[in-house]
Amino acid sequence: MFLIDDEPLAVRRLERMVRETGKMEIAGTSSDPVQAIEALRTANADVLFLDIQMPGLTGFQLLEQLASQPLVIFTTAYDQYALQAFQVNSVDYLLKPVEREQLDRAIRKLERMRNEPRPDLKVLLRELIETRPAAYPDRIASKVGDKVEFVDLSRVTHIYAEEKLTFASTETKNYLVDSTIAELELKLNPDLFFRVHRSTLVNLRFVHELYPYFTGRMLLRLRDQKKTELTVARDRVKPLKLKLGL
């Protein structure tokens with residue numbers, strides 16, 4: 001078994017829960033989907049616990065790059081599309097935060113499936129992708145008191161969390177929005193908005209410069225009037241470069 005989730009705490013929690021069952025041997029873990037592909041080429045893992053929404057590569061995109069087909073258990077916080085499809089044949093799913101009852105159910109299913117014929121995973125992935133929302137939102141709502149203002153996402157340079165509040169920043173104003181960074185990462189178009197830090201999403205169209213920073217991190221300068229600088233977390237540097245074609 002191999003565990004992949006871009007949140008290190010989620011990986012450690014799931015690893016601990018799996019070990020406590022005493023039923024599965026863990027061959028490795030990773031919080032970087034790009035590095036995980038290399039690790040899986042040498043790891044003896046026939047079962048994969050895999051997050052869906054990750055920076056750089058989604059869980060679907062990662063699977064498409066694997067030469068051999070593992071049994072897959074998706075772990076996801078996003079339950080708004082196709083979750084019933086995850087239960088068929090070789091695929092199951094766990095909603096985050098993963099609970100012990102869910103994990104036990106998935107492991108029981110794995111034990112039943114080990115000796116059963118496996119369908120073509122790539123066909124199943126295409127079916128899952130086709131059931132995703134046809135369009136991403138082009139506006140975001142900002143509510144203050146009884147007033148609701150809609151902001152075009154094309155104007156939003158970045159979205160950040162500060163003191164338990166979330167703000168969508170434009171050239172002229174910061175708008176309070178009623179969603180967490182994690183929720184917005186799932187809702188917004190991943191081709192436009194990329195999570196560079198636990199507390200920051202950036203609109204890739206406004207990225208102007210990247211340059212090295214301390215301890216493996218990078219600084220990102222936006223193409224806005226303020227020349228805003230954002231810190232790119234160390235584990236987000238490689239996925240960001242991949243996203244930007246570097």
Taking [Y]'s backbone N and O only, do any of them form a donor-acceptor pair with [X]'s side chain (distance below 3.5 Å, no angle check)?
X	Y	value
Asp224	Thr228	yes
Ser179	Leu184	no
Thr166	Val177	no
Asp152	Arg155	no
Arg223	Arg205	yes
Thr200	His197	no
Gln65	Leu62	no

Considering only heavy atoms from C-beta outward, does the side chain of [X] approach that of [Y] to under 4.5 Å?
X	Y	value
Asp235	Asp32	no
Tyr175	Glu149	yes
Thr29	Asp5	no
Phe193	Leu153	yes

Would you name the heavy atoms of [X] and [Y] that are closest together and state the gap between them?
X	Y	answer
Met24	Ile107	CG-CD1, 4.0 Å
Ala141	Phe150	CB-CE2, 3.8 Å
Phe206	Val156	CE1-O, 3.8 Å
Pro33	Ile4	CA-CG2, 4.5 Å
Lys226	Glu171	CE-O, 4.3 Å
Asp191	Lys243	OD1-NZ, 3.8 Å

Could you check Val207, Val202, Leu219 and say which one makes a side chain to side chain contact (heavy atoms under 4.5 Å, CB included) with Leu230?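 One option only clears the test, and that one is Val202.
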Going by atom types alone, do Glu229 and Tyr213 pair a side-chain donor with an acceptor below 3.5 Å?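 Absent: no donor and acceptor within the cut-off.
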Just by distance, no angles: are the side chains of Asn203 and Thr157 close enough, under 3.5 Å, to form a donor-acceptor pair?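 Side chains of Asn203 and Thr157: no pair found under 3.5 Å.
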Is it possible for you to say whether [X] and [Y] belong to one hydrophobic cluster, with membership spreading through side-chain heavy-atom contacts below 4.5 Å?
X	Y	answer
Phe194	Val34	no
Phe167	Leu201	no
Leu192	Val196	no
Leu204	Leu246	yes
Leu14	Met1	yes

If you apply the rule side chain to side chain contact (heavy atoms under 4.5 Å, CB included), what do you find for Leu103 with Phe49, and how did you get there? CA-CA 11 Å; Leu103 180 61; Phe49 276 67; 3.7 Å; yes
Charged N-O contact under 4.0 Å between [X] and [Y]:
X	Y	value
Glu15	Arg19	yes
Arg198	Glu7	yes
Arg236	Asp6	yes
Arg100	Asp104	yes
Arg16	Glu20	yes
Arg41	Glu38	yes

Between [atom1] on residue [X] and [atom2] on residue [Y], distance to nearest 0.5 Å:
X	Y	atom1	atom2	answer
Leu176	Glu162	CG	CD	11.5 Å
Leu3	Asp51	CG	CG	11.5 Å
Leu188	Ile181	CG	CD1	9.0 Å
Thr231	Leu220	OG1	CG	9.5 Å
Leu222	Ser169	CG	OG	8.5 Å
Leu50	Phe2	CG	CZ	10.5 Å

Are there over 12 heavy-atom neighbours, none belonging to Glu25, within less than 6.0 Å of that residue's CD?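 Count not over threshold, so no.
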Phe214, CZ atom: more than 12 neighbouring heavy atoms under 6.0 Å: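 Not more than 12 within 6.0 Å, no.
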Would you please name every residue forming a side-chain contact (heavy atoms from CB on, under 4.5 Å) with Val237, sequence neighbours left out?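 Testing Val237 for side-chain contact (heavy atoms from CB on, under 4.5 Å), a comparison that skips the adjacent residues, returns Met218, Val232, Lys241.
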List the steps, then state whether side chain to side chain contact (heavy atoms under 4.5 Å, CB included) holds for Thr170 with Val151. CA-CA 9 Å; Thr170 69; Val151 183; 4.0 Å; yes
Please determine whether side chain to side chain contact (heavy atoms under 4.5 Å, CB included) holds for the pair Val47 and Leu110, giving the CA-CA distance in whole Å, both sets of side-chain angles, and the decisive distance to 0.1 Å. CA-CA 8 Å; Val47 176; Leu110 282 172; 3.7 Å; yes
Tell me if the aromatic rings of His158 and Tyr160 count as close, with their centers under 6.0 Å from one another.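 Yes, they do, as the ring centres are separated by less than 6.0 Å.
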